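Beneath this line is the structure, given in structure tokens, with notes to follow.
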Protein chains: 2
Amino acid sequence: MAGEESTLAPPGHLAVTTPARSLRGDLFDPSCPTRQLLDRVGSKWTSMVVKVLSSTGVDEVRFAELKRRMPGISQKMLAQTLRSLERDSLVERRVEATSPPRVHYRLTTLGASLDEPLAVLREWAELHMYEVEQAGSAWDNRVAHTQLLSEQP
Amino acid sequence: MAGEESTLAPPGHLAVTTPARSLRGDLFDPSCPTRQLLDRVGSKWTSMVVKVLSSTGVDEVRFAELKRRMPGISQKMLAQTLRSLERDSLVERRVEATSPPRVHYRLTTLGASLDEPLAVLREWAELHMYEVEQAGSAWDNRVAHTQLLSEQP
DNA sequence: CGGGATCCAATTTGATACTG
DNA sequence: CAGTATCAAATTGGATCCCG
């Protein structure tokens, strides 16, 4: 995920944050938009939050409900992921000032639009990842076999 | 990236590797195809290798040439990324037994097909990441400002 | 309830040096 | 040339405890 507080502007002048995109926008430079997107969707829970928020009937979901729909996530990671998404304007946060307070999350229009590319990725995964996994197992077996051979005295 | 040698089958029985996909294929379980794909494309150099191999005129590229086209990558990371992709059957490796040896890489059909979903992601990134970055800067400024206020004695 | 703050373990990446 | 091996640094994720 993007550094939580590491990106804070040095106090005293406003963050301009236009590092003069070095080359063309190639994947290797950190300011490349694709690289930045990949860093986000690659982080463990981001895509799932987007998916859950986009596939629910009601468009707002509360923190606890969200957590319940994502078995295995800790409060910390859920809060962290949500704040990252909020920072990116992909998610909106609404607080009901009751006691105890209720906090609702929803995708922004921008966030909702991200679900489409992710759906394409999901589709590819469902079509082809089985083949990838099979290839991986076969490769591992070949490696194990090779190692056994070279260990013979 | 998937563990390099951690996935080796215990010597003595073949790896069956069908962990009875726990629930539906939801993103949170490690055997979910989308999760596995995300782990791969999320790793730093994978997507770039796919892009470079898919966008070149000649369909085979040598190791050094590949490295030259990816400023910033180390030999180690390039080799590691390539072997991961080879393990996944997304890339094929061909060795010319000359001296010194020449090693050529190319995308498999499977690997080439992955470029399409990635292109969709790239397109979204180019359309919308600027907005995301702007939102991030604004958020950081708000946070910095809030902190300054709370620091007043 | 909805987090923030800490501490810690595991992974990932990078720099460097060595080799067939 | 095309790697492998090793070590150190940086990130990331998770477990916990605490708080309004």
Side-chain angles (χ1 to χ4, degrees), chain A residues 1-7 27-28 30 35-36 38-49 60-87 91-105 143 146-147 150, chain B residues 1-7 27-28 30 35 38-49 60-87 91 93-105 143 146-147 150:
Chain A
M1 204 85 54
E4 234 56 62
E5 57 274 297
S6 61
T7 330
L27 272 170
F28 45 79
R35 180 78 253 118
Q36 300 207 348
L38 252 17
D39 285 344
R40 285 164 170 81
V41 302
S43 86
K44 192 165 183 184
W45 302 103
T46 302
S47 302
M48 194 166 124
V49 169
E60 279 195 331
V61 184
R62 290 183 53 187
F63 187 89
E65 163 79 357
L66 218 35
K67 184 169 185 322
R68 208 175 46 72
R69 297 203 189 200
M70 315 207 308
I73 198 174
S74 62
Q75 297 170 318
K76 175 194 164 184
M77 286 314 295
L78 180 54
Q80 199 172 112
T81 304
L82 284 170
R83 254 172 296 104
S84 261
L85 289 168
E86 195 195 350
R87 177 179 180 279
V91 159
E92 268 175 27
R93 181 172 180 264
R94 183 174 69 83
V95 183
E96 260 187 280
T98 57
S99 178
R102 297 163 172 225
V103 183
H104 305 259
Y105 293 93
V143 171
T146 302
Q147 287 183 346
S150 59
Chain B
M1 203 86 51
E4 232 56 58
E5 55 275 301
S6 60
T7 330
L27 273 171
F28 45 78
R35 179 78 252 119
L38 252 17
D39 285 344
R40 284 163 170 82
V41 302
S43 87
K44 191 164 182 183
W45 302 102
T46 303
S47 303
M48 193 164 120
V49 169
E60 279 196 331
V61 183
R62 291 182 52 187
F63 186 90
E65 163 80 357
L66 217 35
K67 183 171 185 322
R68 207 175 47 70
R69 296 203 189 201
M70 313 208 296
I73 198 174
S74 62
Q75 300 164 316
K76 177 193 162 184
M77 286 314 294
L78 181 53
Q80 200 170 112
T81 304
L82 284 169
R83 254 174 293 104
S84 261
L85 288 168
E86 195 194 351
R87 177 179 179 278
V91 158
R93 180 172 180 267
R94 184 174 67 84
V95 183
E96 260 186 281
T98 56
S99 177
R102 297 162 173 227
V103 183
H104 305 259
Y105 293 93
V143 171
T146 303
Q147 288 182 346
S150 59

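None of the values given here were measured: they were computed from a predicted structure. Throughout, protein chains are lettered first and strands after them, A, B, ... in sequence-line order, and every chain is numbered starting at 1.
Annotation: of the two residues near DNA chain D, A:S74 and A:P101, the 5′-most nearest-nucleotide partner is A:S74.
Comparing C:dC1, C:dT13, C:dG3 against the side chain of A:A79 picks out C:dG3 as the nearest. Candidate nucleotides C:dA15, D:dC17, D:dC1 were compared by shortest atom distance to the side chain of B:K76, and C:dA15 ranks first. Nearest nucleotide to the B:Q80 side chain, out of C:dG14, C:dT13, D:dA2: C:dT13. The listed nucleotides are C:dG3, C:dA17, C:dC1; the one nearest the side chain of A:P100 is C:dC1. Of the candidate nucleotides C:dG2, C:dG14, D:dG13, C:dG2 has the atom nearest to the side chain of A:V103.
One interatomic measurement links the two molecules: CD of A:Q75 to P of C:dC1, which rounds to 10 Å at whole-angstrom precision. Atom CG of B:D39 and atom C1' of C:dA10 are 14 Å apart (whole Å). In this entry the distance linking CZ of B:R93 with C1' of D:dT4 reads 12 Å, nearest Å. Rounded to whole Å, the distance from CE on A:M77 to P on C:dG4 is 13 Å. For the pair B:E96 CD and D:dG3 C1', the computed distance is 17 Å after rounding to whole Å. Across the protein-nucleic acid pair, A:R83 atom CZ and C:dA5 atom P stand 9 Å apart, rounded to whole Å. B:H104 places its NE2 atom 11 Å from the C1' atom of D:dC1, with the value rounded to the nearest Å. What separates CG of A:L78 from P of C:dC1 is a distance of 14 Å, to the nearest Å.
The base of D:dG13 does not come close enough to the side chain of A:K44 for any donor and acceptor atom to sit less than 3.5 Å apart.
Of all heavy-atom pairs spanning B:P100 and B:T98, the tightest one is O-OG1, 2.8 Å. Between B:Q75 and B:F63, the shortest heavy-atom contact is O-CZ, 3.9 Å. Scanning all heavy atoms of the two residues, the minimum distance from B:L85 to B:V49 falls at CD1-CG1, 3.6 Å.
Remark: B:R35 CZ to A:K44 NZ distance equals 7.5 Å, nearest 0.5 Å.
Not counting sequence neighbours, the partners of A:V61 by the side-chain contact (heavy atoms from CB on, under 4.5 Å) test are A:L53, A:T56, A:E65, A:L66.
Residue A:R62 places at least one side-chain N or O closer than 4.0 Å to OP1 or OP2 of C:dG2. For the OP1/OP2 pair of C:dG2 and a distance below 4.0 Å, the side-chain nitrogens and oxygens of A:R102 include no atom meeting the criterion. Within the structure, a side-chain polar atom (N or O) of A:Y105 is placed less than 4.0 Å from OP1 or OP2 of C:dG3.
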